[in-house]
Amino acid sequence: MSRVIRTAAAQMGPNPRDMPRATVVARMIALLDQAAAQGAELVVFPELALTSFFPRWFLPDQADVDAFFETEMPNAATAPLFARARALGVAFSFGYAEVLQQDGRTCRYNTAILVDGTGQIVDHYRKVHLPGHSEHEPWRPFQHLEKRYFEPGPFGFQSVKALGGRIGQAICNDRRWPETYRELALSGAEMVLIGYNTPRHYPPAPEHDHLQDFHNHLSLQAGAYANGMWVIGVAKAGVEEGCDLIGGSAIVAPTGEIVAQAATLGDEVIVADCDLDRCAEIRANIFDFAKHRRPDVYTRLAAPGIAT
Ligand code: ING
């Protein structure tokens, strides 16, 4: 009996800074309904799905920063989404800015959660690879202050039993690092859910701007293929507060093939039947870790830097 998860990537268009969470959640519910109408059992939403991508702004007043964070989850704003998904029996994941008291101090993470079909949060991931910078850099047309507003996730990567398989999460910049996928594969993940907010313009290297869509799919496809996993990449897309965010949401098979891809830069649902048993096509052959992988010689993979 094959283990097929009918999976939807629910790409979202821009969230203006002043768009109330209730309005965003209503859009997410509409996407959830659209996905469920196509038989989706799992719906994947983008990184920081509830608000505008606020790390693009230097916000000196901490109150302005805190306005983008959720102090509890679910909460009043997201309860309707949890309720609708539970009524439909659909699992879903989305990203949000999380603030909590931990070990006697305030911690802020770029977080993503997986909620099962009964409304239980079954996975809670905090973004490991924070790109960008921590101080205001006025030379940039827009900032990328994730290192200022978030702490790196301290718990690394994991996968959980859900929907008949093992599912892991990663967030945005994580998808560019091969270590992300290998860590998740070695944890047993058969599917990885990755929301992203990716500006087309990359101020430190504008000569790469035209490569953003290519690098997006290259990262997702390489990670899927080299680890025999389904990879679901989901964009917050479009021109958000003057910043051009790429779309290109995609469902990638363990072979590295894109089996479904978004065609717009707005709210858009794409759906595919993801047979988890297809992971074996790769993992029992070309990337059979037990037979072919050589951890005995990979002595540098966790080293802090390049040897001098
Ligand atoms: N965004 C971007 C990403 O890794 C970025 C940052 C953009 C890095 C363009 C390199 C090039 O997709 C987030 N949120 O990580």
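Because only heavy atoms are used, hydrogens play no part in the values below, and waters and symmetry mates are left out as well, while side chains stay in. Counting starts at 1 for both ligands and their atoms, following the listed order.
- If you check the side chains of Gln158 and Asp123, you find a donor sitting under 3.5 Å from an acceptor.
- Put simply, part of Lys127 is less than 4.0 Å from ligand 1, judged by heavy atoms.
- One finds a salt bridge joining Arg140 and Glu137 here, because a Lys/Arg side-chain nitrogen approaches an Asp/Glu carboxylate oxygen to under 4.0 Å.
- Contacts between Arg176 and ligand 1 below 4.0 angstrom, taking non-hydrogen atoms only, involve the side chain exclusively.
- Checked for salt-bridge contact, Arg108 and Asp66 meet the test: a charged N lies under 4.0 Å from a carboxylate O.
- Residue-ligand proximity: His215 is placed with every non-hydrogen atom at 4.0 Å or more from ligand 1.
- In this structure, His201 and Phe142 have side chains that are in contact, with non-hydrogen atoms separated by less than 4.5 Å.
- Residues Leu184 and Asn227 form no side-chain contact, since every pair of their non-hydrogen atoms from C-beta on lies 4.5 Å or further apart.
- Scanning the protein for heavy atoms near atom 11 (C) of ligand 1, the closest one is Tyr202 CD1, 3.4 Å.
- Residue Arg175 has at least one heavy-atom neighbour below 4.0 Å for each of these atoms of ligand 1: 3 (C), 12 (O).
- The shortest heavy-atom distance from His208 to ligand 1 is not under 4.0 Å.
- With a heavy-atom cut-off of 4.0 Å, Phe53 touches ligand 1 through its side chain alone.
- Nearest-heavy-atom check against atom 12 (O) of ligand 1 across Asn173, Thr198, Ile194 picks out Thr198.
- Remark: the Asn216 side chain and the Tyr196 side chain contain an N/O donor-acceptor pair separated by less than 3.5 Å.
- At the shortest separation from atom 13 (C) of ligand 1 among protein heavy atoms lies Cys172 SG, 2.8 Å.
- Under the 4.5 Å side-chain criterion, counting only non-hydrogen atoms from C-beta, Glu257 is not in contact with Tyr225.
- Here the protein heavy atom with the shortest distance to atom 6 (C) of ligand 1 is His144 CE1, 3.6 Å.
- With hydrogens and angles left out, the side-chain atoms of Tyr125 and Asp174 include a donor and acceptor closer than 3.5 Å.
- Looking only at atom types and distance, the side chain of His210 has no donor-acceptor partner in the side chain of Gln212 under 3.5 Å away.
- Listed by number with element, the atoms of ligand 1 under 4.0 angstrom from any heavy atom of Glu47 are 14 (N).
- Below 3.5 Å of separation, one finds no N or O of Gln212 facing any N or O of ligand 1.
- Close N/O approach between Asn197 and ligand 1 is found [any backbone or side-chain N/O within under 3.5 Å].
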